[in-house]
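Scroll down for the structure; my scribbles are underneath it.
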There are 2 protein chains.
Amino acid sequence: MAANSQFSMAVHILTMLATAGDENVKSDYIAGSVNTNPVVIRRILSQLNAAGLVTSQTGAFGGTRLAKPPSEITLCSIYKAVSCGEVFALHAKGPNMDCPVGRGIETVLCDLQKEIEKSVGEKLGQYTLATVIEKVSVAHV
Amino acid sequence: MAANSQFSMAVHILTMLATAGDENVKSDYIAGSVNTNPVVIRRILSQLNAAGLVTSQTGAFGGTRLAKPPSEITLCSIYKAVSCGEVFALHAKGPNMDCPVGRGIETVLCDLQKEIEKSVGEKLGQYTLATVIEKVSVAHV
DNA sequence: CCATCTGTAACTATACTGGTTACAGTTATG
DNA sequence: CATAACTGTAACCAGTATAGTTACAGATGG
C-alpha cells in the first residue's frame with residue numbers, strides 16, 4: 001500500500017463531479033465508485049479545493065462540484081494539486097562532500113529532477129478533464 | 001526513508017565507475033562517496049549488472065567496472081535498470097464496475113500511465129553518463 | 001592456505017499510504 | 001429551534017516499501 005494513487009483517485013473524483021454537472025456530489029457517493037472510504041475522498045477533495053479546482057458546501061444537501069468547466073482543468077493542475085512528490089528521490093543522507101563526484105552529483109541530479117518534473121507537467125498539460133471524460137465514454141461504449 | 005532514491009544512487013555509482021576508467025572499483029569505496037552501506041551499493045550494482053551496464057569480479061582485487069563507454073549509457077537505461085516503478089499508481093482496489101465512470105476510468109489512467117512513462121524515458125534518453133560526468137566537472141569547478 | 005572482495009539472505013527501523021473511527025462545525029428544512 | 005445530513009479533520013491502525021545492517025557462502029589472486 002505504498003504506491004501513491006492520489007493522482008489516479010483525484011482524476012476519478014473529478015470525472016465523477018464533471019458527469020454530475022451542477023449538482024452537489026457527496027463524498028459517500030464518490031467513495032462508492034472509487035471503492036474506498038469517504039474520508040479518503042474528502043482528504044483529496046480538500047487538496048483539490050485548496051488548488052481551486054472544486055468548491056464544497058457543508059451541511060445538509062452539501063457536497064462538492066467543479067469550480068471550473070472540465071475543459072479548463074488540465075491534468076497537470078490536478079497532478080500539482082495532489083503533489084505526489086518527485087519521480088525519483090535524491091539520497092536522503094546526501095553525498096560525501098570530500099569526494100569530487102559526491103560534491104558535484106547532487107546539483108546535477110537536482111537539476112535533472114526539475115527537468116523531468118517539467119517534462120511530466122508539460123505532458124499532463126496536454127490533457128484536460130474534458131479529454132478524460134471523452135475517453136471514458138469511448139472506453140465504456 | 002520511503003522515497004525511492006535508487007536511480008540517484010545508480011547515477012552516482014556509475015559516475016564513480018566512469019571516473020575510475022578501467023580499474024575495478026570496490027563497493028566499500030563507492031559507499032564512502034554515496035554515504036551509505038556497501039551492501040546497498042552492491043544491491044544496486046547487481047541490478048546494473050543484470051542490465052548489462054557493469055561487470056563485476058568476485059575475489060581478491062575484485063570490484064566493478066563499466067561494461068560500456070559512458071557515452072553509450074543513457075540515463076534511460078539506468079532508470080529502467082533500477083525500475084523505480086511508476087510515476088503515479090492506480091488505485092490498488094480497482095474502481096467499482098457498477099459505475100459507468102468506474103468502468104471506464106481504469107483504462108484511461110493505465111494508458112496515461114504508459115504515456116507518462118514513455119515521456120520520462122524519452123527525456124532521460126537524451127542524456128548519457130558522459131553528459132553527467134561533464135556537468136559534474138563543471139559544477140565542481 | 002589465506003586475505004580480500006562480491007552476492008545475497010535475513011532482519012530491523014523508519015516512514016508513507018490508505019483505511020477507519022470519531023467528532024466538531026455547518027446548513028437546509030420542517 | 002431542533003434535527004438530520006453533510007463536510008473537514010484529527011487520530012490511530014495496518015500494510016508495505018526502502019534503506020541500513022549483520023552475517024555468511026562463494027570466488028579469486030597471491
Side-chain angles (χ1 to χ4, degrees), chain A residues 1-10 12-13 17 20 23-32 34-51 54-65 67 82-96, chain B residues 1-10 12-13 17 20 23-32 34-51 54-65 67 82-96:
Chain A
M1 215 176 289
N4 192 329
S5 59
Q6 285 186 50
F7 174 72
S8 289
M9 288 196 281
H12 190 151
I13 291 167
L17 296 184
E23 286 175 36
N24 275 337
V25 184
K26 290 176 275 185
S27 60
D28 272 59
Y29 179 70
I30 303 173
V34 177
N35 231 343
T36 185
N37 193 289
V39 175
V40 174
I41 301 298
R42 292 205 288 267
R43 272 204 286 248
I44 295 173
L45 282 174
S46 177
Q47 295 182 273
L48 297 176
N49 183 44
V54 303
T55 54
S56 293
Q57 261 182 41
T58 58
F61 298 90
T64 309
R65 62 180 66 191
V82 295
S83 64
C84 304
E86 307 291 339
V87 174
F88 64 87
L90 302 181
H91 190 222
K93 287 191 182 174
N96 181 354
Chain B
M1 215 175 290
N4 192 330
S5 59
Q6 284 186 49
F7 174 72
S8 289
M9 288 197 280
H12 190 151
I13 291 167
L17 296 183
E23 288 175 35
N24 275 336
V25 184
K26 289 176 276 186
S27 62
D28 272 59
Y29 180 69
I30 303 173
V34 177
N35 231 342
T36 186
N37 193 290
V39 175
V40 174
I41 300 298
R42 291 204 289 267
R43 271 204 287 249
I44 294 173
L45 281 174
S46 177
Q47 294 181 274
L48 297 176
N49 183 43
V54 302
T55 54
S56 293
Q57 261 183 40
T58 58
F61 297 89
T64 309
R65 61 180 68 191
V82 296
S83 63
C84 303
E86 308 290 340
V87 174
F88 64 88
L90 302 181
H91 191 220
K93 286 189 180 174
N96 181 352

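Keep in mind that the numbers below use all heavy atoms, side chains included, and drop hydrogens, waters and symmetry copies. Below, read A as the first sequence line, B as the second, and so on, with proteins coming before strands; counting in each chain starts at 1.
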Exercise. Between atom CD1 in I30(B) and atom P in dG20(D), what is the gap in whole Å?
Worked result: 15 Å
Exercise. What nucleic acid atoms does V25(B) come within less than 4.0 Å of, heavy atoms only: base, sugar-phosphate, or nothing?
Worked result: sugar-phosphate
For this session: Output the distance between atom NE2 (H12(B)) and atom CG (L90(A)), rounded to the nearest 0.5 Å.
Result: 12.0 Å
For this session: Report the distance from atom CG of L45(B) to atom P of dC5(C), rounded to the nearest whole Å.
Result: 15 Å
Exercise. Just how far, in rounded Å, is P of dA5(D) from NZ of K26(A)?
Worked result: 9 Å
Exercise. What does T64(A) touch in the nucleic acid at a heavy-atom separation under 4.0 angstrom: a base, only the sugar-phosphate, or nothing?
Worked result: nothing
Exercise. Looking at T36(A), does any N or O in its side chain come under 4.0 Å of the phosphate oxygens OP1/OP2 on dG19(C)?
Worked result: yes
For this session: Please report, rounded to the nearest Å, how far the P atom of dA11(D) is from the CZ atom of R43(A).
Result: 13 Å
For this session: Send over the distance from M9(B) CE to dA19(D) C1', rounded to a whole Å.
Result: 7 Å
Seminar exercise, completed: Between S56(A) and F61(A), whichever has its closest DNA chain D nucleotide further toward 5' is F61(A)
For this session: Return no unless some side-chain N or O of Q6(B) is found under 4.0 Å from OP1 or OP2 of dA19(D).
Result: yes
Problem set entry | Approximate separation, where rounding is to 0.5 Å, of L45(B) CG and L17(B) CG | 6.5 Å
Problem set entry | Listed nucleotide nearest any side-chain atom of T58(A), set dG8(D), dG19(C), dT28(D) | dG8(D)
Exercise. Taking OP1 and OP2 of dC6(D), is either one under 4.0 Å from a side-chain nitrogen or oxygen of S27(A)?
Worked result: no
Exercise. Among dT21(D), dG26(D), dT7(D), which nucleotide sits nearest the side chain of K93(A)?
Worked result: dT21(D)
Exercise. Are any of Q57(B)'s side-chain N or O atoms less than 4.0 Å away from OP1 or OP2 of dT6(C)?
Worked result: no
Problem set entry | Any P95(B) side-chain heavy atom under 4.5 Å of H91(B) side chain | no
For this session: Starting from P on dG20(D), measure out to CG on N4(B) and report it in whole angstrom.
Result: 12 Å
For this session: Begin with the C-alpha distance, continue with both residues' side-chain angles, and end with the deciding distance and a verdict on side chain to side chain contact (heavy atoms under 4.5 Å, CB included) for T64(A) and V25(A).
Result: CA-CA 5 Å; T64(A) 309; V25(A) 184; 5.6 Å; no
Seminar exercise, completed: Rounded to the nearest 0.5 angstrom, the CG-CD distance for N24(B) and Q57(B) is 4.5 Å
Exercise. To the nearest Å, how far apart are I41(B) CD1 and dC5(C) C1'?
Worked result: 15 Å
Exercise. Side-chain N or O of S46(B) less than 4.0 angstrom from OP1 or OP2 on dT8(C)?
Worked result: yes
Problem set entry | Euclidean distance, K26(A) NZ relative to F61(A) CZ, rounded to 0.5 Å | 8.0 Å
Seminar exercise, completed: note: N37(B), atom CG; dA9(C), atom C1'; distance rounded to Å ~ 14 Å
Seminar exercise, completed: Closest to the 5' end of DNA chain C, once P38(A) and A60(A) are matched to their nearest nucleotides, is P38(A)
Exercise. Think S5(B) has a side-chain N or O under 4.0 angstrom from the OP1 or OP2 of dA19(D)?
Worked result: yes
For this session: Respond yes when some side-chain nitrogen or oxygen of R42(A) is under 4.0 Å from OP1 or OP2 of dG8(D), and no when none is.
Result: no
Seminar exercise, completed: By nearest-heavy-atom nucleotide on DNA chain C, the more 5' of V40(A) and V39(B) is V39(B)
